[in-house]
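Chain identifiers are assigned alphabetically (A, B, ...) following the order of the sequence lines, protein sequences preceding nucleic acid strands; residue numbering begins at 1 within each chain.
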Amino acid sequence: MSRVRQLTRNFDPKKYEPEILKFWDEARVYERLREARKGSKRFHFLDGPPYPSSDMPHPGTVWNKIIKDSVLRFKRGEGYDVLDKPGWDTHGLPIEVMTEKALGFTSKKDIENYGIDKFVLKCKELASKNLESMTKHFKEFAVSMDWDHPYRTFENEYIESAWWGVKKIWESGRLYEGERPVHWCPRCETVLSDYEVSESYKDLMDPSIYVKFRVRGSENEYLLIWTTTPWTLPGNVAVMVHPNEKYVKVRVGGDLLILAKARLEAVMKDAGIEEYEVVEEFEGRTLEGLKYEHPLEDLVPVQQRLKDVHRVVLSEEYVTMEEGSGCVHSAPGHGKEDFEVGMRYGLPVVSPVDERGRFTEEAGKYAGLQVREANSIIIEDLEERGALFHRGTVIHKYPVCWRCDTPLIIRTTKQWFVKLTDLREKLLEESGKAKWVPKWGGERRFRDWLLGLEDWIISRQRYWGIPLPVWRCESCGHIEVVGSAKEIEEKAGVKLEDLHRPWVDGVTWKCPKCGGEMRRIPDIMDVWYDSGVSFFASVGYPHRNREAFQEIFPVDFITEGHDQIRGWFFSLLRMGTLLFNQVPYKSVLMHGFMLDEKGREMHKRLGNYVPPPEILKNVARDTFRFFVLTKVPWQDLRFSWKGLKEMERRLSVVWNVYVFATTYLRDRELDQLPPKEELDPVNRWVLSRLHSMMKKVRESMNEYHLHVASNEVLSFLIDDLSHLYLRVARKKLRSKDRSVADQWGRVLFHVLRETLPYLSIFAPLMSEKIYLESFRGENDPESVNFLLLADPDEEMIDPELEDMMEHVRSIVSASGFARSNAGVRKRQPLREMIVVTGNDAVRKAVEVLKDVLITEANVREVRIGEAPADGKWAQADFSEGSVFLNLEMGEEEILGGLARELTRRIQLMRKELGLTIGLERIEVYIQGDEDIRRALEKYYDEIAWDSDANVIKFVSDESEVPGSSFGKEWEVDGRRVFIWVRKVE
RNA sequence: GGGCCCGUGGCUCAGACUGGUCAGAGCGCCCGGCUGAUAACCGGGAGGUCGGGGGUUCAAGUCCCCCCGGGCCCA
């Protein structure tokens, strides 16, 4: 037998939310729920691992976790055994840099002096500390994940899975060591990926110079090049021109300069030269192969070796007419485009710069200088040699290290690559197999970008990361790639406690080819590799959980912000395709960014950042959850205190719906829903709405349209229940006819009870509180989390009836308008309402739902008819017709109105005396005129019932009233009325 | 410079993929009601040429083009 208990009247989430969280924690609700769902159909969610760079998550990250949580709760409600392991992306440069700062280090040398082992342990400590702290914050928002068993990229098991992947790539022939110009941070002394570089460009002031390269064999003919990086000139190998643009030979003083026609005017203006003369004009392509002399030949030894190389080459894609001279100085060692064109022409790669950004011996005079510091010296040298045409400065966007702000350089180094360029088509095809929400996330944003794909540099010259498991023989160069700790043990006889550097660095074994020493190459791996393998490394595959993995691959669902298209979504696709030849996820929900109240990005350093604890101080956890979940997920979300307060008010209405219902329902028997055919149309309507709501929530959650689902639940509770159904129900629930009261009680109970698990997807704390305090029966599970979502039943859905109610709503609304125009209050019962309409559906609605109209419009009679020709009427239109209210007052209306007034006065006095309805009974004495007496006589039962009075006596004199009564004089519709109320002991 | 997204009443946002009851909701404001959800609840009203301009169409917040403003990604 189900019984309902009264719900606390005050909506006080500050009090109950922490209690519920504590209850879940202590009762180990999630652990037991996981246990209970074991063996059911599985839903595999993969958490995109946040980076624990701080002890406090960004509010946007909390949003991210709440999105995930709502999907997880929904799937559990559907009965799935849900994989809900949270992840942490723990390696990489940010943690290293923070650790360096804490220790006061400025270079790799400091770290090596300190000891790599101690340094790596410090990094691990910092990551661990931060992820634990962030976990606490996520838990505060009721994010239900397996927090005790996260996957962390620094764990040995994770590293082993990652190694297995590297080995497999090696075996497939895609892992290679190559030389390539890369973005390099001279402070961190490591390569940076393109992705990392794009993080930050800064405005820097650099020289802007035009340099004359003398055409070999000529007296005074020069190619005029432009550059903002003079330090790359020692690496110059060629000059690029555009084959299809016009070039000119121009006489300036005694020189003949070659440059693009389209740039001529701008260059001369830049150089402040007014007198010049075009002597020849030709296509750029005719310059191909033209040899020139390098102006710093005598100072830079490496340039002397390039005497026969220096010449003009052609490039359509990299020569622009937007800036410069149209003759582009090309240093394949210091530029990706230069490198590409250089490869095409078989040009050598020159990169006389070391890992700290200083020139090497190859650069002769400049050896030992920081490249950027060498700029001015190089310019002076050019000037001395008469090669400088013009010097100026420019402020432009220049890439800096996203961690330490040091301006980056491009230098050519040996790195390990994974060949991808031939996989473009396959990656495109695979990305199309995933379901993208919204569609354009994958179809446009992702696909466009895949077209520009290049091979992937996976090596990094740092310490805190997954070591690249590549060993090479020092004597013969033989390479072995290791796929597990066990392999190391077999090869080297060493059992490692920790697979990180430096411990793994010390492992060596004998080369099977030549007997030389096999040593690990010192690099670690790009962190995008770490998170990219999470779809199998998070479960330890293939060393562990082999069968489980087969079952959960590809994962059902991932979701992250749109910045992760180029990030994690791609890195997963890349690893899935490389290792398993398929995209490793089925559905992707892309969400937006959290912006501040003005629509700007939220940043700690911008000072517009709202720490999660501050949110909790001001609003309920469920409020924040509902606030973010009702917004379209893939759009940026503007944080708003006002919006949060507004949502909190709406949730208090939801709370009140349950408070209201429980005050009526408590202590009734409510188990069975009466048979459908016995139900009042309004009850059939509310059940139809319930099932429509459930259906819509199921469908939209499965489409990951979380905003549709969450709004649907809210609107059902507020618009349908609070605004409409409960108003009608309140009278029926108190009906003296037991069967009516019983029917409405059972329906109301059923509706609210079935709604609870749906509500708990979005507001888990509130629904748990309501469940525990009011709805949970003796044999019910001990937490709302265990409840399954009831299946929508098509049989219960009656679209026609739902439409009818919409019509009734507009009729009620029109009658309210008519009343307010006529100045007749709603309390005043009116004789008759006529609905004039040509719409059959509306006619039917009026017939079927007449009861609603009678109570809501407070009229005695409702009929369909023609517009009345005479009499006193109030009128208003609605979309399908008009309503007319008869304003003529007969005795019935006047006395009925008075009765309502009397009831209201008695209630006010009751309240004033602090006498609670239902608990304390009263006696009432009324003195008034003849109408009052007759109203009391005619409506005695109603007034007594409504005001919960034992007896109401009409008196002609105060002497008839017991002395202990509380008396008051009122004016009712111009009549003087005395009312006395007395508590009955 | 390129790609993608967003720009709807005072505020915050649905609606746009599948042109035609799509001009909506909540808050705020104004007016009113209820008084057994009451430091609650309910009704009504005012308010928008859907960023601007052009185009396609019988018909356009909804499709196309250009411009302006904002965000993200990439150069």
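- Counting any heavy atom pair closer than 4.0 Å across all strands shown, A:Tyr658 reaches no nucleic acid atom.
- Which of B:G71, B:A37, B:C73 sits closest to the side chain of A:Leu595 comes down to B:G71.
- Separating the P atom of B:C17 from that of B:U62 is a span of 10 Å, rounded to the nearest Å.
- In this view, A:Val632 and A:Trp634, A:Gln635, A:His707 satisfy the side chain to side chain contact (heavy atoms under 4.5 Å, CB included) rule, not counting sequence neighbours.
- A:Phe660 places its CZ atom 11 Å from the P atom of B:C42, with the value rounded to the nearest Å.
- Dashed line: the shortest gap from a side-chain N or O of A:Ser722 to OP1 or OP2 of B:C42 is under 4.0 Å.
- A:Tyr318 pairs with exactly one of A:Glu337, A:Glu340, A:Lys336 by the side-chain hydrogen bond (donor to acceptor under 3.5 Å, both in side chains) rule, that one being A:Glu340.
- Between the P atoms of B:G19 and B:A75, the separation comes to 36 Å (whole Å).
- Note: CH2 (A:Trp436) to P (B:C5) measures 14 Å, nearest angstrom.
- Taking the C1' atom of each, B:G54 and B:C68 are spaced 15 Å apart, rounded to whole Å.
- Under the side-chain hydrogen bond (donor to acceptor under 3.5 Å, both in side chains) criterion, the residue pairs touching residues 646-656 of chain A are A:Thr623-A:Glu648, with sequence neighbours excluded.
- Taken together, the paired segments of RNA chain B that extend over three or more consecutive Watson-Crick or G-U pairs, each closer than 3.5 Å at both contacts, are B:1-7 with B:68-74, B:10-13 with B:24-27, B:29-33 with B:41-45, B:51-55 with B:63-67.
- For the C1' atoms, the distance linking B:C67 with B:A59 amounts to 26 Å, nearest Å.
- Take A:Glu806 and apply the salt bridge (charged side-chain N to carboxylate O under 4.0 Å, His left out) test, not counting sequence neighbours, and it matches A:Arg809.
- Atom name P, nucleotides B:U8 and B:C50: the rounded distance is 11 Å, in whole Å.
- Taking a cutoff of 4.0 Å between a charged side-chain nitrogen and a carboxylate oxygen, A:Glu245 and A:Arg263 do not qualify as a salt bridge.
- Comparing atom distances between the A:Arg9 side chain and each of B:C42, B:U35, B:U38 picks out B:U38 as nearest.
- Aromatic ring centroids of A:Trp63 and A:Phe639 lie 6.0 Å or more apart.
- Applying the ring-ring contact (aromatic ring centres under 6.0 Å, His included) criterion to A:Phe569, with sequence neighbours excluded, gives A:Trp436.
- In terms of the salt bridge (charged side-chain N to carboxylate O under 4.0 Å, His left out) criterion, residue partners of A:Arg727 (sequence neighbours excluded) are, by chain and number, A:Glu856.
- The stretch residues 645-653 of chain A touches RNA chain B through A:Glu646, A:Arg649, A:Arg650, A:Val653, each having a heavy atom under 4.0 angstrom from the strand.
- Between A:Ile718 atom CD1 and B:C27 atom C1' the separation is 12 Å, expressed in whole Å.
- For A:Asn858 and B:G43, the CG to C1' distance is 13 Å, given to the nearest whole Å.
- If you take CE of A:Met909 and C1' of B:G36, they are 17 Å apart, rounded to a whole angstrom.
- Within 4.0 Å (heavy atoms only), A:Arg904 reaches at least one base atom of the nucleic acid.
- Sorted by first then second residue, the salt bridge (charged side-chain N to carboxylate O under 4.0 Å, His left out) pairs that include residues 897-906 of chain A, not counting sequence neighbours, are A:Arg825-A:Glu901, A:Arg827-A:Glu901, A:Glu901-A:Arg904, A:Glu901-A:Arg905.
- For the pair A:Val657 and A:Lys642, nearest-nucleotide mapping onto RNA chain B gives the more 5' position to A:Lys642.
- Not counting sequence neighbours, the partners of A:Lys769 by the salt bridge (charged side-chain N to carboxylate O under 4.0 Å, His left out) test are A:Glu773.
- Not a single salt bridge (charged side-chain N to carboxylate O under 4.0 Å, His left out) links A:Asp12 to another residue, sequence neighbours left out.
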Pull out every protein N or O sitting under 3.5 Å from an N or O of nucleotides 13-21 of chain B, one pair per line with the distance.
{"from": "B:A14", "atom 1": "OP1", "to": "A:Val632", "atom 2": "N", "distance (Å)": "3.3"}

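- Stacking of A:Lys631 on the aromatic ring of A:Phe627 is recorded, both the 6.0 Å distance cut-off and the 45° axial limit being met.
- Rounded to an integer number of Å, the gap from CG of A:Leu717 to C1' of B:C41 is 15 Å.
- Atom CG in A:Leu726 sits roughly 10 Å away from atom P in B:C42 (whole-Å rounding).
- Spacing between B:U18 and B:G2 at atom C1', rounded to whole Å, works out to 30 Å.
- In this view, A:Phe624 and A:Phe141 satisfy the ring-ring contact (aromatic ring centres under 6.0 Å, His included) rule, not counting sequence neighbours.
- Glycosidic conformation of B:G70: anti, with the torsion beyond 90° of 0.
- Across the C1' atoms, B:G61 and B:G7 are found 11 Å apart, a figure rounded to whole Å.
- In this structure, A:Ser815 reaches neither bases nor backbone, as no heavy-atom distance under 4.0 Å exists between it and the strands shown.
- In this structure, CH2 of A:Trp568 is placed 18 Å from P of B:C73, rounded to the nearest angstrom.
- Taking the C1' atom of each, B:U56 and B:G20 are spaced 16 Å apart, rounded to whole Å.
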